[in-house]
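Working notes, structure below.
Atom set for the values below is all heavy atoms of this structure, side chains included, hydrogens, waters and symmetry mates excluded.
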Amino acid sequence: MYYQNKKNSTIPKEWFFFNPENLSDSKKLDHLSKNVGVIFFNKNLNVYNFLKKIEPYIKFCREKKIKFVIPFSKFWCSKYHAFGMMIEINEKSKKFHSTKNKYKNYFTVAKVHNIKEAFLAKGFIDLIFLSPVLKTDSYPEKKPMSNYIFISLCFFFKEKVIFALGGVNYKNIKSMENKNLHGFGAISCFDNNEKI
């Protein structure tokens, strides 16, 4: 399988979406299992400030052997040996990132919200987060995708590594399980880092 040929062959089934501006997220990170991956995100900071802000947390993850993903920065991915790089899905990003061999050393990661983004992502994204699959406190204004769309996208991306994102926890993920779903991403689910 293509994914097994990259430098990190074990892909976590659970991902903590970590906002460095949120103090409670920092506490969750301290108690996170090394089997849970970390995806850094924040839309309020400019790219430079964000990358500087997450630098100590990246060092923490590396020391604890926690796999992590950062938003698009080829330089930082290489510098810190990131597990993956989060990419925004749009026409421009597809053209820019479509040459797959540019990213041999780390995974390309993206959130997919609809069919249009799915077609854009299929050719060059390795790890797909289907979002939002349920109503979520983080983005209450976003309507969850229907079960039909969710299952259809899981089948559409069956050759990729797929995760459910948005309102997911250890209890409700069981009702979404299918042969094409690898795991899930979440924020509040990791409050106590305990399975329900």
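Between the NZ atom of K160 and the OG1 atom of T108 there is a distance of 7.0 Å, given to the nearest 0.5 Å. Distance check, rounded to the nearest 0.5 Å: CE of M86 to CD1 of I89 gives 9.5 Å. Atom CG of L32 and atom SG of C61 lie 8.0 Å apart (nearest 0.5 Å). The distance from atom NZ of K79 to atom CG of L51, rounded to the nearest 0.5 Å, is 10.0 Å. Between the CD1 atom in I187 and the CG atom in N19 there is a gap of 7.5 Å [rounded to 0.5 Å]. Here the CG-CG distance, from L181 to L130, works out to 7.5 Å after rounding to the nearest 0.5 Å.
E55 meets the salt bridge (Lys or Arg N to Asp or Glu O under 4.0 Å) test with K52; sequence neighbours excluded. The side-chain contact (heavy atoms from CB on, under 4.5 Å) search around P20 returns F18, N42, F50, K53, I54, Y57, not counting sequence neighbours.
With a 4.5 Å cut-off on side-chain heavy atoms, V109 and I87 do not count as touching. With contacts defined as side-chain heavy-atom distances shorter than 4.5 Å, the pair F60/I66 qualifies. Side-chain atoms of N35 and K13, non-hydrogen and from C-beta on, never get closer than 4.5 Å to each other.
Closest of all the heavy-atom pairs between I11 and H182 is O-NE2, 3.0 Å. Scanning both residues, Y106 and C77, for their nearest heavy atoms gives CE2-CB, 3.7 Å. Annotation for P132 and K142: closest pair CG-CB, 4.1 Å, computed over non-hydrogen atoms. Taking both residues in full, the closest heavy atoms of G185 and V168 are given as O-CB, 4.2 Å, listed atom of the first, atom of the second, then distance. Contact between G166 and V133 at its shortest, heavy atoms only, is O-CG2, 3.6 Å. Nearest approach of I70 to F68, heavy atoms of both residues: CG2-CD1, 4.0 Å.
In this structure, K158 places its NZ atom where only 12 or fewer heavy-atom neighbours from other residues, nucleotides or ligands lie under 6.0 Å away.
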Would you give me the side-chain donor-acceptor pairs under 3.5 Å for residues 111-119, sequence neighbours excluded?
| from | atom 1 | to | atom 2 | distance (Å) |
| --- | --- | --- | --- | --- |
| H113 | ND1 | E117 | OE1 | 2.9 |
| N114 | OD1 | K116 | N | 3.2 |
| N114 | OD1 | E117 | N | 2.8 |
| E117 | OE1 | H113 | N | 2.7 |

Steps toward side chain to side chain contact (heavy atoms under 4.5 Å, CB included) verdict (K67, V38): CA-CA 6 Å; K67 294 179 172 69; V38 173; over 6 Å; no
Intermediate values then yes/no, side chain to side chain contact (heavy atoms under 4.5 Å, CB included), I173 and N169: CA-CA 6 Å; I173 190 65; N169 58 41; over 6 Å; no
Criterion side chain to side chain contact (heavy atoms under 4.5 Å, CB included) on N178 and F150, from CA distance to verdict: CA-CA 11 Å; N178 63 71; F150 174 69; 4.0 Å; yes
Side chain to side chain contact (heavy atoms under 4.5 Å, CB included) between L153 and M145, intermediate numbers included: CA-CA 10 Å; L153 289 177; M145 62 178 63; 4.2 Å; yes
K28 and D25: CA distance, side-chain angles, deciding distance, salt bridge (Lys or Arg N to Asp or Glu O under 4.0 Å) verdict: CA-CA 5 Å; K28 293 174 198 173; D25 280 6; 3.5 Å; yes
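D126 contributes no side-chain N or O that, together with a main-chain N or O of A110, makes up a donor-acceptor pair within less than 3.5 Å.
Aromatic pair W15/F83: ring centres closer than 6.0 Å. Ring centroids of F17 and F129 are separated by less than 6.0 Å, placing the two rings close together. For an aromatic pair to be called close, the ring centres must be under 6.0 Å apart, and F16 with F190 satisfies this.
Follow the hydrophobic side-chain contacts under 4.5 Å out from F75 and you reach M85 in the same cluster. Residues M176 and Y148 share a hydrophobic cluster, clusters being chains of Ile/Leu/Val/Met/Phe/Trp/Tyr side chains in contact below 4.5 Å. Hydrophobic clustering (ILVMFWY, side-chain heavy atoms < 4.5 Å, transitive): F155 and F157 are in distinct clusters.
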